[in-house]
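Inspection log for the structure reproduced underneath, given as structure tokens.
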Amino acid sequence: MSSLLSVENLSLKDLSTGNDVLKNISFQLNEKEILGVVGESGSGKTLLSQAIVNWLPENLEISSGEINFLDKKINLLSESELEKEIRGKEIAYIGPNAINSLDPTYSVGHQLLEKAISIDRDNTSKNTLKEKVISLLDDVLIPSPEKRFYEYPSQYSGGMMQRAMIVDALLSSPKLLVADNITMPLDVTIGAQIIKLIRILREKFNTTIIFSSSSLPVVREIAENLIILKNGSIEENNSVNKIITNPSSEYTKELINKTPKIWSENIVFQENENKTIISIRNISKSYKVRDKNKFNSFYDVKAVRDFSIDVYEGENLGIIGESGCGKSTLSRLITLLEKSDSGTISFNGEDLTDLNKNKIKNFRQSLQLILQDPYNSLPSRQSIGRIISEGLFIHSNLNKKEIKEKVLFTMEEVGLDKEEYNKLLVGKSGSFRQRVSIARALILEPKVIILDETLSSLDQNEQNKLLSLFKQIQQKRNLTYIFISHDLAMVRKSCNRIAVMYMGRTVELAKNDTLFNNCRHPYTRTLLCTIPTLDKNPYDKKIYLMDGEPPDPTEVGKGCSFNTRCPNPTHECKEGSIEMGLIEIAPGHLVDQCCVNCG
């Protein structure tokens, strides 16, 4: 095969410090090859991805080396030449921060259509291009693409926004696709489907791909060749199989050892008394969304449906499921940020359904929520100390000196240097910002903390550090955690019990070991078969991975909502004559009665 991209002795310099952030990077990329780039946060993966399209922050410049693409020296092209000939056309870039990639005031579909029109060279009609956009939305498994075309970024989940950005890249049928950590914010099933889609894209469009990730198991599933980066330098450059089976670098060996052991390691959790701290009974939540295709018409999006569960004091409860299954809506209902349409939520025996404002204020001191995005959930213009102390100004009568003392103590508890108290968050890493979020939650001494995808944007090393921190704080303060996540490897390490959500309902609930080794719902098997791991996975993707998409949440009827994806649906299941509901098949192991025997 002929060479498409050649990088020779590439170095990047930080103009503000004079330091090299990439050092003597060299590699060849052949046509239709998929090259993996793996490294921890700060290793230079994103900088390398951006340098390839010469799209760098103002404080960075290429200090030496060359980037040759189709006999063009990209590093010598002017900005206008890059925009006209290369970026978004011959080379497409997909980054990890999909949530901030589109204008929130325009619908997702119309923004993608604008991109399609801007790169069209054949005077294709607007309707034809619109059909192309909708077709690609369907290809990346966005439910009801005709309806979603008209929805705004705020109405898309994080996973759906990432898929929309993949559509943005595919519109130009690029020769080189640079995918920078694109599966990190996605749930495991969609991540597996996206990897499968990228392989299809390579064959269909003869596309060459650079796929960077902090997860070695993810890259192993898609790439033929692999570069290991550490501190801006290449540690190893070889085939994926050779690096994993016979690593030559100590750093690579360390990376492999840090990879989560899902089935080869016995994980033991401390037994908790079944003392209920939160009791949820039959809560439901729907949203009315305007139907753009009909005059003055709306449809209901059923986000949470008849959901029930008990959370026990001192435990770690995991709630897992695909994007759009209702996990984040559930977290907002539990924290009373939104009110459920029906059902009840009790906290320490007190019904929260009709609390007045003062009681809601007191309740929120006992239950805190830490969100997924540490960049948008924290104010950038306030000092770190002021951000952490915010809750104390609302919920306490402490004076300023006492508040500062408590903030400094909490900062030390979560591993933040006291010198950071008066500094801003500018330039701080995602892991650092999440420690600030944790401190802000802990300052009020809550009894329960809900972690809504809190660790999903962090690499394995940073995740392990924060999980260790959570464990220390839990032992010290007797906290209860609710982990809401699509990262099953993280849930495996941290949660006593796990609830599996599908289309707003719990379809399986079991202790950790039971769920991972003896699950009974076919949807749970689908989730487990897609976990990126170097372990031998007992759930074969060829058998258990479902390519179908979840049903449209606006069209969920009676009966089993899983019947469109079920491997062996019964006649009653298809007809909708069986109502969904959990039954106990073993002590502590509950499965939906419709699917318990579906194989």
Side-chain angles (χ1 to χ4, degrees), residues 275-278 311 313-316 331-339 345-425 428 431-452 454 466 469-484:
K275 181 182 176 183
T276 302
I277 188 169
I278 296 176
V311 183
E313 187 175 351
E315 80 164 335
N316 295 347
S331 72
R332 294 194 295 272
L333 295 177
I334 297 173
T335 53
L336 303 186
L337 293 175
E338 295 187 29
K339 190 173 182 179
I345 302 173
S346 299
F347 184 80
N348 272 339
E350 181 180 10
D351 189 350
L352 306 178
T353 307
D354 295 311
L355 294 184
N356 59 37
K357 288 185 178 179
N358 285 333
K359 287 189 175 181
I360 289 176
K361 178 181 172 183
N362 293 334
F363 160 73
R364 286 186 177 145
Q365 189 171 352
S366 300
L367 192 151
Q368 289 288 297
L369 173 65
I370 304 177
L371 299 171
Q372 172 181 1
D373 184 0
Y375 292 90
N376 289 323
S377 61
L378 298 174
S380 58
R381 297 185 181 183
Q382 289 183 4
S383 69
I384 290 167
R386 182 64 179 83
I387 291 170
I388 295 171
S389 65
E390 181 73 21
L392 293 177
F393 286 108
I394 298 170
H395 292 280
S396 79
N397 296 317
L398 300 177
N399 60 43
K400 288 186 178 180
K401 182 181 178 182
E402 291 170 329
I403 286 175
K404 183 173 181 179
E405 287 175 355
K406 190 167 186 178
V407 169
L408 290 173
F409 174 81
T410 307
M411 287 176 66
E412 186 176 11
E413 189 176 18
V414 302
L416 294 173
D417 195 308
K418 293 181 180 180
E419 298 298 318
E420 303 286 350
Y421 182 86
N422 290 314
K423 296 181 180 179
L424 298 176
L425 287 170
K428 301 297 184 183
S431 176
F432 182 96
R433 288 166 181 260
Q434 285 298 32
R435 288 178 186 266
V436 174
S437 295
I438 295 165
R440 183 171 67 167
L442 289 174
I443 201 78
L444 293 174
E445 301 179 15
K447 295 177 182 177
V448 178
I449 293 181
I450 299 178
L451 303 150
D452 187 2
T454 304
L466 288 183
L469 174 64
F470 288 142
K471 187 175 182 179
Q472 293 171 18
I473 295 170
Q474 184 176 44
Q475 292 171 345
K476 182 178 178 181
R477 299 194 179 206
N478 193 32
L479 281 169
T480 301
Y481 292 127
I482 300 176
F483 285 86
I484 294 176

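Since the model is a prediction, treat every value here as computed from it, not as a measurement.
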Practice prompt. Could you pull out all residues at least two apart from Lys357 that satisfy salt bridge (Lys or Arg N to Asp or Glu O under 4.0 Å)?
Written response: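 Lys357 satisfies salt bridge (Lys or Arg N to Asp or Glu O under 4.0 Å) with no other residue.
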N/O donor-acceptor pairs under 3.5 Å from side chains in residues 440-450, not counting sequence neighbours:
unit_1: Arg440; atom_1: NH2; unit_2: Ser377; atom_2: O; d: 3.2
unit_1: Glu445; atom_1: OE2; unit_2: Lys406; atom_2: NZ; d: 3.0

Worksheet item: Distance-only, no hydrogens or angles: does the Glu350 side chain make a donor-acceptor pair with backbone N or O of Ser346 under 3.5 Å?
Response: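 Such a contact is absent between Glu350 side chain and Ser346 backbone.
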Discussion item. With a 3.5 Å distance limit and no angle check, can you tell me whether Glu338 reaches the backbone of Leu333 through a side-chain donor-acceptor pair?
Written reply: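 Answer holds: no.
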Practice prompt. Apply the side chain to side chain contact (heavy atoms under 4.5 Å, CB included) test between Leu398 and each candidate in Lys401, Lys400, Glu402; give the one that qualifies.
Written response: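 It is Glu402; the other options fail the test.
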Item to complete: Could you check Ile438, Thr454, Leu451 and say which one makes a side chain to side chain contact (heavy atoms under 4.5 Å, CB included) with Leu466?
Response: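 When side chain to side chain contact (heavy atoms under 4.5 Å, CB included) is applied between Leu466 and each of Ile438, Thr454, Leu451, only Ile438 qualifies.
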State the [atom1]-[atom2] distance between [X] and [Y], to the nearest 0.5 angstrom.
X: Ile394; Y: Arg364; atom1: CD1; atom2: CZ; answer: 10.0 Å
X: Asn399; Y: Leu392; atom1: CG; atom2: CG; answer: 11.5 Å
X: Ile360; Y: Gln365; atom1: CD1; atom2: CD; answer: 14.5 Å
X: Arg433; Y: Leu425; atom1: CZ; atom2: CG; answer: 5.0 Å
X: Asp417; Y: Leu408; atom1: CG; atom2: CG; answer: 10.0 Å
X: Arg332; Y: Leu337; atom1: CZ; atom2: CG; answer: 8.0 Å

Item to complete: For Ser389, check side chain to side chain contact (heavy atoms under 4.5 Å, CB included) against everything at least two apart and list the hits.
Response: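 Applying side chain to side chain contact (heavy atoms under 4.5 Å, CB included) to Ser389 gives Arg386, Phe393, Ile403, Val407.
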Are [X] and [Y] packed together at the side-chain level, in the sense that at least one heavy-atom pair is separated by less than 4.5 angstrom?
X: Pro374; Y: Val436; value: no
X: Lys361; Y: His395; value: yes
X: Ile334; Y: Val311; value: no

Discussion item. If the threshold is 4.0 Å, N to carboxylate O, is there a salt bridge linking Glu413 and Arg477?
Written reply: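 Result for this pair is yes, salt bridge flagged.
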Practice prompt. Decide yes or no on side-chain contact (heavy atoms from CB on, under 4.5 Å) for Lys339 and Asp354, but give the supporting numbers first.
Written response: CA-CA 10 Å; Lys339 190 173 182 179; Asp354 295 311; 4.0 Å; yes
Practice prompt. For Ile370 and Tyr481, run side-chain contact (heavy atoms from CB on, under 4.5 Å): C-alpha distance rounded to whole Å, both residues' side-chain angles, the deciding distance at 0.1 Å, then the answer.
Written response: CA-CA 11 Å; Ile370 304 177; Tyr481 292 127; over 6 Å; no
Discussion item. Please evaluate residues Tyr421 and Leu416 with respect to the criterion side-chain contact (heavy atoms from CB on, under 4.5 Å), reporting the C-alpha separation (whole Å), side-chain torsions for both, the decisive distance (0.1 Å), and the verdict.
Written reply: CA-CA 9 Å; Tyr421 182 86; Leu416 294 173; over 6 Å; no
Between [X] and [Y], which heavy-atom pair has the shortest distance, and what is it?
X: Asp373; Y: Asn376; result: OD2-ND2, 2.7 Å
X: Gly314; Y: Thr480; result: N-OG1, 2.7 Å
X: Met411; Y: Ile384; result: CE-CG2, 4.3 Å
X: Asp351; Y: Ile345; result: OD1-O, 3.5 Å
X: Asn348; Y: Thr276; result: OD1-O, 4.4 Å
X: Glu313; Y: Ile277; result: N-CG2, 4.0 Å

Discussion item. Does Lys471, at its NZ atom, have more than 12 non-hydrogen atoms belonging to other residues, nucleotides or ligands within less than 6.0 Å?
Written reply: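 No, NZ of Lys471 has 12 or fewer neighbouring heavy atoms, counting only those of other groups under 6.0 Å.
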Worksheet item: Could you go step by step and tell me if Ile278 and Ile482 meet the side-chain contact (heavy atoms from CB on, under 4.5 Å) rule?
Response: CA-CA 11 Å; Ile278 296 176; Ile482 300 176; 4.2 Å; yes
